2 protein chains.
Amino acid sequence: MEVSNPAPEIQPLFADVDGTMCPSRLVLEHVTSRWGVLVLIALLERSYRFGELRRRVGGVSEKMLTQTLQTLERDGFVHRDAKPVIPPRVDYTLTPLGEDAAHRVKALALWTDERVPAVEAARARYDEARGQ
Amino acid sequence: MEVSNPAPEIQPLFADVDGTMCPSRLVLEHVTSRWGVLVLIALLERSYRFGELRRRVGGVSEKMLTQTLQTLERDGFVHRDAKPVIPPRVDYTLTPLGEDAAHRVKALALWTDERVPAVEAARARYDEARGQ
């Protein structure tokens with residue numbers, strides 16, 4: 001009797017054998033999140049206070065920036081430096097781990113920046129082929 | 001009469017002088033999107049059909065995968081290869097531009113993967129300091 005081979009199992013990427021997603025997936029999501037990317041790149045320039053950082057990142061709501069900073073702080077990428085002065089002053093800086101992450105994310109951002117003309121040409125071809 | 005210096009203007013990152021966000025920000029968001037990252041990394045292995053790719057990415061809904069593939073195809077990162085056979089067969093592959101993007105994204109994912117212990121230690125410290 002012939003036994004047909006079962007289709008090879010496809011395992012999810014960055015998942016454990018039981019299908020649980022690996023923690024690295026979540027860390028990657030934090031550093032590549034819409035605002036995470038820009039916060040890391042901004043903090044590579046210098047430390048920023050909250051309001052300054054919000055202007056530098058651009059287009060981010062207060063709530064989203066707070067949330068992004070908390071996530072990056074908890075992950076150990078950002079250090080929240082609350083100075084015991086009056087009026088209170090809080091600076092956000094990169095930790096060494098955060099600096100390393102930021103350099104990598106920035107390299108990707110610069111690569112993307114250089115590819116914009118190619119991407120725009122691809123979009124024009126795509127839209128034209130669909131009569132849009 | 002003394003004139004106080006105005007606070008230096010902070011310009012948003014990846015934005016034009018008029019405050020419009022640069023196209024590179026959007027391209028970066030596409031390649032670093034939650035599912036974009038995993039689709040690019042998966043397609044670096046080989047071309048996949050839709051259902052296979054969905055299993056390989058893991059945890060993605062049909063709708064989100066369709067949308068991610070369309071975005072990456074329109075940007076010129078992914079090629080949708082519809083073969084004129086019966087039954088119809090569609091393979092998704094990386095374009096040379098997509099392959100370049102995928103290598104960079106994968107390098108970032110591997111870097112993240114290696115930093116998981118450091119991130120988990122940072123989280124434990126953060127939570128402990130807050131009595132959680």
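So that the names make sense, note that chain A is the first sequence line, chain B the second, and so on, each numbered from 1. Keep in mind it's a predicted model, so treat the numbers as computed, not measured. Any value given below was found using the heavy atoms of this structure, including those in side chains, with hydrogens, waters and symmetry copies removed.
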(message) Could you tell me if the side chain of Arg34(A) sits less than 4.5 Å from the side chain of Arg25(B), heavy atoms only?
(response) no

(message) Around atom CD of Glu128(B), are there more than 12 heavy atoms from other residues, nucleotides or ligands closer than 6.0 Å?
(response) no

(request) Find the distance between OG1 (Thr112(A)) and CZ (Phe14(B)) and round it off to the nearest 0.5 Å. (result) 8.0 Å

(request) Tell me, out of Thr95(A), Asp113(A), Val37(A), who's got the most heavy-atom pairs with chain B below 4.5 Å. (result) Asp113(A)

(message) Distance check, rounded to the nearest 0.5 Å: Glu29(A) atom CD versus Trp35(B) atom CH2?
(response) 7.0 Å

(message) Taking NZ in Lys63(A) as the centre, count heavy atoms belonging to other residues, nucleotides or ligands within less than 6.0 Å. Is the count above 12?
(response) no

(message) At a 4.5 Å cut-off on heavy atoms, which part of Arg125(B) comes close to chain A: side chain, backbone, both, or neither?
(response) neither

(request) Check each atom of Glu52(A) against the heavy atoms of chain B and say whether the ones under 4.5 Å are side chain, backbone, both or neither. (result) both

(request) Identify which part of Ala124(B) has an atom lying under 4.5 Å from any heavy atom of chain A, answering side chain, backbone, both or neither. (result) neither

(message) Using the rule that Ile, Leu, Val, Met, Phe, Trp and Tyr join whenever any side-chain heavy atoms are under 4.5 Å apart, tell me whether Val39(B) and Tyr126(A) fall into a single cluster.
(response) no

(request) Measure Val60(A) against the heavy atoms of chain B and call it side chain, backbone, both or neither at under 4.5 Å. (result) neither

(message) Taking every non-hydrogen pair under 4.5 Å, which of Ala42(A), Ser33(A), Gly58(A), Ala118(A) racks up the most with chain B?
(response) Gly58(A)

(request) Quick one: which of Ile41(A), Asp100(A), Leu26(A) has the most heavy-atom pairs under 4.5 Å with chain B, could you say? (result) Asp100(A)

(message) Working to the nearest 0.5 angstrom, can you tell me the gap between Leu13(A) CG and Glu45(B) CD?
(response) 5.5 Å

(request) Could you walk me through whether Arg56(A) and Gln11(B) pass side-chain contact (heavy atoms from CB on, under 4.5 Å), step by step? (result) CA-CA 6 Å; Arg56(A) 184 63 179 144; Gln11(B) 298 296 335; 4.2 Å; yes

(request) Taking the side chain as every heavy atom from C-beta outward, state whether Pro23(B) and Glu120(A) have any pair of such atoms under 4.5 Å apart. (result) yes

(message) Working to the nearest 0.5 angstrom, can you tell me the gap between Leu28(A) CG and Leu110(B) CG?
(response) 9.5 Å

(request) Given salt bridge (charged side-chain N to carboxylate O under 4.0 Å, His left out), test Arg74(B) with Asp127(A) step by step and report yes or no. (result) CA-CA 8 Å; Arg74(B) 184 166 179 262; Asp127(A) 292 346; 2.7 Å; yes

(message) Can you tell me which of Gly59(A), Gly76(A), Ala109(A) forms the most heavy-atom pairs within a distance under 4.5 Å of chain B?
(response) Ala109(A)

(message) Just so I understand: if I count every heavy-atom pair under 4.5 Å between each of Leu97(B), Leu108(B), Val116(B), Asp75(B) and chain A, which residue has the most?
(response) Asp75(B)

(request) Flag the one option from Arg130(B), Arg54(B), Glu73(B), Arg115(B) with the top tally of heavy-atom pairs under 4.5 Å to chain A. (result) Glu73(B)

